[in-house]
Amino acid sequence: MSDVSSSPSSSPSPSDKRDSKDFIREIIDADLASGKHSAPVTRFPPEPNGYLHIGHAKSICLNFGIAKEYGSRCHLRFDDTNPSKEEQEYVDSIQADIRWLGFDWGDHLFFASDYFDQIYAWAVTLIRDGKAYVDDQTPEDIRSNRGNLTEPGVNSPFRDRSVEENLALFEAMRAGNFPDGSKVLRAKIDMAHANLNMRDPVLYRILRAHHHRSGDKWCIYPMYDFTHGQSDALEHITHSLCTLEFENHRPLYEWFLDNLPVPSHPRQIEFARLNLNYTVMSKRKLLQLVDENHVSGWDDPRMPTVSGMRRRGYPAEAIRNFCATIGITKFNGTNDFALLENAVREVMNRDAQRRMAVLDPIKVTITNYPEDQVEELDVINNPEDPNAGTRKVPFCRELYIERDDFMEDPPKKFFRLGPGREVRFRCAYWLKCEDFVKDAEGKVTELLCTYDPETRGGENPPDGRKVKGTVHWVSARHAVPAEVRVYDRLFDHANPDSKKRNFLDHINPASLEILSGCQLEPALADAKVGDSIQFERLGYFCVDPDSTSDARVFNRTVGLRDSWAKEQQRG
RNA sequence: AGCCUCAUGGUGUAACGGUAGCACGACAGAUUCUGAUUCUGUUUGUUAAGGUUCGAAUCCUUAUGAGGCUGCCA
């Protein structure tokens, strides 16, 4: 049923929001105006050690968004300098996620590991210039000699080795003559520097690990700091955009660019990473949720990962709009999850076709409707889209409606069914509840109603009667069964990520509710995986990949706003 | 404690020395064959104290608060 998905173009369109310019785009404008650059070149540099999350999406929208706006380019570069954590699976998922978000790096796919020869040569350059040395200290010694926040460090006893000795030692490190961790190459900067990153940072470590690309060619690997800026320079990146925690690294970033014969001099600019309430964003914690089976995988619809949100049914355009809305600043704040949900509802309201589905069914029998009659009624597909048209929905003597839409003893402001009350069945008829049936436990099992033939299509009757409510329904004879997974926030604490608590203690036990006896209108029988639909009056749903042709599974993407539920909660 | 960074309603974000605006939320109402959508209205803010200026959210000083940094992670 491809007509139900009406999935919009997944690439950024003029409808994507963008208001005033953030401070980074202002810097770019100034650099263009001054002639420093003719076009900005950016890069998105993930480490392939996990799946992308909504925080990465913010960075992707920034970097690729800039390239798109300025008609320039954004490189995808994998920062793969630590083979002990990195895997091809992540390389693949990251590329798929970026594409799904609507961005493209063209021919500009790079790997830091492709620069290992050059990085190594530059390490030799530093040694030759007397600006790097091989240190034999143990990791413990290095740590204790680094000093701390208030006290300066002390020089390594190996700091003053000759250039020749350092050259020979470094070459031997590369040749595999020393065990893992026994030596490192360090920059010779200043052990008393107020910025700890400048206290003779480690450039290379010995690490015998199979690299997902370079295989076993190397047994020494460069550190992030000694790789990132030079990679930027090699690619002629003009503006290297990263998150706030790298602020303290900028002096080191600059130091390498200043002390090496690099082909260009990029500028690092830091912005605040994305924080969302009720979720955790660190890769380590997300990995833990997956590894310890608190969720079904990286793409569990409750995960803040790009793949989780995709499976949940969040449109890429909504994620882009969200990222545009929250903006780019240096203020490290926390965004309201409601803002993301608003962005999701906004595009889904516009695009998703409407269907009727009853999640918690109660049977309705229309006592005055002919036993054998079936009518095909016209139902509107999307009131927001005149081109979406209508469809036929079967109507007969036995229907299902939502259990919530009936109350035995309803209050005045309840606009739905109750004994003696009349409501509109959407696009069908007006029905009046004449009686109801209970089972032995006192649970209502069936409503006995009468219909007014003069209200066909849901129209107002000629006698001028009014009705306050409209309910959705499905024909019991034609309904198709389905499982519906209703998701709520994964954590029940607004800030589960805080150091003050263990985030696992705040997993919301009600984050997933599986409803098995749901009844759908027949048009939903052939909805395809990934299709997004609004179930009228309930919310937006999508077909989960777990679906089979005889066992349909839907995910609730997000509920509709529900002012009735809100009023009830208030009492 | 040292260094770096930040500070505008409940949340996020504008204002670039000249009327503090927008979005989300909340609240109230209108419309409605989805208690949805849409529309209208209301509410709440420049961390503090000094200074410069005709005029300061914006510039300066100090204070306060918040975040980051002591991996051979990125």
Side-chain angles (χ1 to χ4, degrees), chain A residues 17 19-22 26 45-47 49 79-82 84-86 135 137-139 142-144 146-153 180-186 193-199 201-207 221 223-225 227-228 242-251 270 272 277 283-284 325-343 345-346 349-350 354 356 379-380 383-384 413-416 423-428 430 455 457-460 467-472 534-539 559-567:
Chain A
K17 294 183 175 171
D19 321 335
S20 59
K21 290 207 173 183
D22 54 70
E26 283 178 353
E47 183 189 12
N49 67 345
D79 233 329
D80 53 353
T81 57
N82 184 1
S84 63
K85 291 184 178 177
E86 297 153 4
D135 194 348
Q137 291 184 108
T138 63
I142 289 179
R143 195 182 321 121
S144 59
R146 184 154 34 223
N148 56 37
L149 267 14
T150 50
E151 292 161 23
D180 284 11
S182 59
K183 287 177 168 44
V184 290
L185 182 72
R186 290 231 257 171
H193 201 110
N195 182 335
L196 272 56
N197 292 125
M198 300 296 273
R199 317 242 264 227
V202 171
L203 270 27
Y204 265 91
R205 76 280 216 187
I206 304 173
L207 179 62
Y221 290 95
M223 302 292 290
Y224 163 85
D225 284 312
T227 307
H228 198 90
C242 62
T243 44
L244 255 25
E245 66 268 28
F246 292 101
E247 231 157 15
N248 294 343
H249 293 244
R250 190 173 356 115
E270 310 86 15
N277 56 13
K283 271 196 203 174
R284 200 206 95 233
T325 300
I326 59 174
I328 300 291
T329 67
K330 289 177 87 83
F331 177 68
N332 186 17
T334 301
N335 284 96
D336 217 319
F337 204 87
L339 201 53
L340 212 207
E341 292 197 326
N342 176 263
R345 289 197 186 98
E346 192 175 55
N349 176 57
R350 185 195 65 200
R354 274 60 168 172
M356 291 195 283
V379 179
I380 187 162
E384 305 293 321
K413 294 182 75 179
F414 186 78
F415 303 145
R416 309 174 189 180
V423 301
R424 172 187 289 113
F425 275 45
R426 170 126 243 230
C427 295
W430 290 20
T455 57
E459 299 297 335
N460 293 346
V467 92
K468 279 291 264 237
T470 297
V471 302
H472 58 99
Q534 182 193 110
F535 289 176
E536 293 227 21
R537 303 210 304 135
L538 296 175
L560 255 29
R561 281 199 188 79
D562 190 346
S563 56
W564 167 243
K566 201 182 281 180
E567 186 167 319

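In what follows, chains are A, B, ... by sequence order, proteins preceding strands, each numbered from 1. Excluded from the calculations below are hydrogen atoms, water molecules and symmetry mates; all remaining heavy atoms, backbone and side chain alike, are included.
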Ignoring backbone atoms, establish whether [X] has a side-chain N or O less than 4.0 Å from OP1 or OP2 of [N].
X      : N     : answer
A:T81  : B:C73 : no
A:K330 : B:G67 : no
A:R345 : B:A36 : no
A:R354 : B:A36 : no
A:R537 : B:G35 : yes
A:S563 : B:A36 : yes
A:R143 : B:G71 : yes

Using whole Å, report how far [atom1] of [X] lies from [atom2] of [N].
X      : N     : atom1 : atom2 : value
A:K85  : B:C72 : NZ    : P     : 12 Å
A:D562 : B:U34 : CG    : P     : 14 Å
A:W430 : B:U34 : CH2   : P     : 12 Å
A:E384 : B:U31 : CD    : C1'   : 14 Å
A:L339 : B:G12 : CG    : P     : 11 Å
A:E26  : B:U13 : CD    : P     : 15 Å
A:E247 : B:A66 : CD    : P     : 18 Å
A:N349 : B:U32 : CG    : C1'   : 13 Å

Rounded [atom1] spacing from [N] to [M] in Å:
N     : M     : atom1 : answer
B:U58 : B:C4  : C1'   : 23 Å
B:U11 : B:G35 : C1'   : 26 Å
B:A57 : B:U46 : C1'   : 5 Å
B:G68 : B:U62 : P     : 25 Å
B:U13 : B:G18 : C1'   : 22 Å
B:G17 : B:C73 : C1'   : 46 Å
B:U42 : B:G51 : P     : 37 Å
B:A48 : B:A56 : P     : 15 Å

Categorize [X] for me: base, sugar-phosphate, or nothing, with a 4.0 angstrom heavy-atom threshold over every strand shown.
X      : result
A:V184 : base
A:F414 : base
A:T329 : sugar-phosphate
A:K413 : base
A:N148 : base
A:E47  : sugar-phosphate
A:R424 : base
A:G333 : sugar-phosphate
A:E341 : nothing
A:Q137 : base
A:P383 : base

### Query
With stacking defined as ring centroids separated by under 5.5 Å and planes differing by under 30°, is A:F331 stacked against B:A7?
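Whether judged by distance or by angle, A:F331 falls short somewhere, so it does not stack on the base of B:A7.
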### Query
What do you reckon, do A:W564 and the base of B:G35 stack, with centroid distance below 5.5 Å and planes below 30°?
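It does: the two rings, one from A:W564 and one from B:G35, meet the stacking criterion.
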In the strands shown, is [N] matched to any nucleotide by a Watson-Crick or G-U wobble pair with both distances under 3.5 Å, and which?
N     : value
B:C69 : B:G2
B:U31 : none
B:A49 : B:U61
B:A26 : B:U42
B:A15 : none

### Query
Does the distance from a Lys or Arg side-chain N to an Asp or Glu carboxylate O, for A:E47 and A:K85, drop under 4.0 Å?
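Answer for the salt bridge query: no.
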### Query
Aromatic rings A:H228 and A:Y224: how do their planes relate, parallel, tilted or perpendicular, breaks at 30° and 60°?
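Rings of A:H228 and A:Y224: tilted, 30 to 60°.
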### Task
Tell me which of A:L560 and A:I142 sits closer to the 5' end of RNA chain B, going by the nucleotide each one is nearest to.
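Closest to the 5' end, via its nearest nucleotide, is A:L560.
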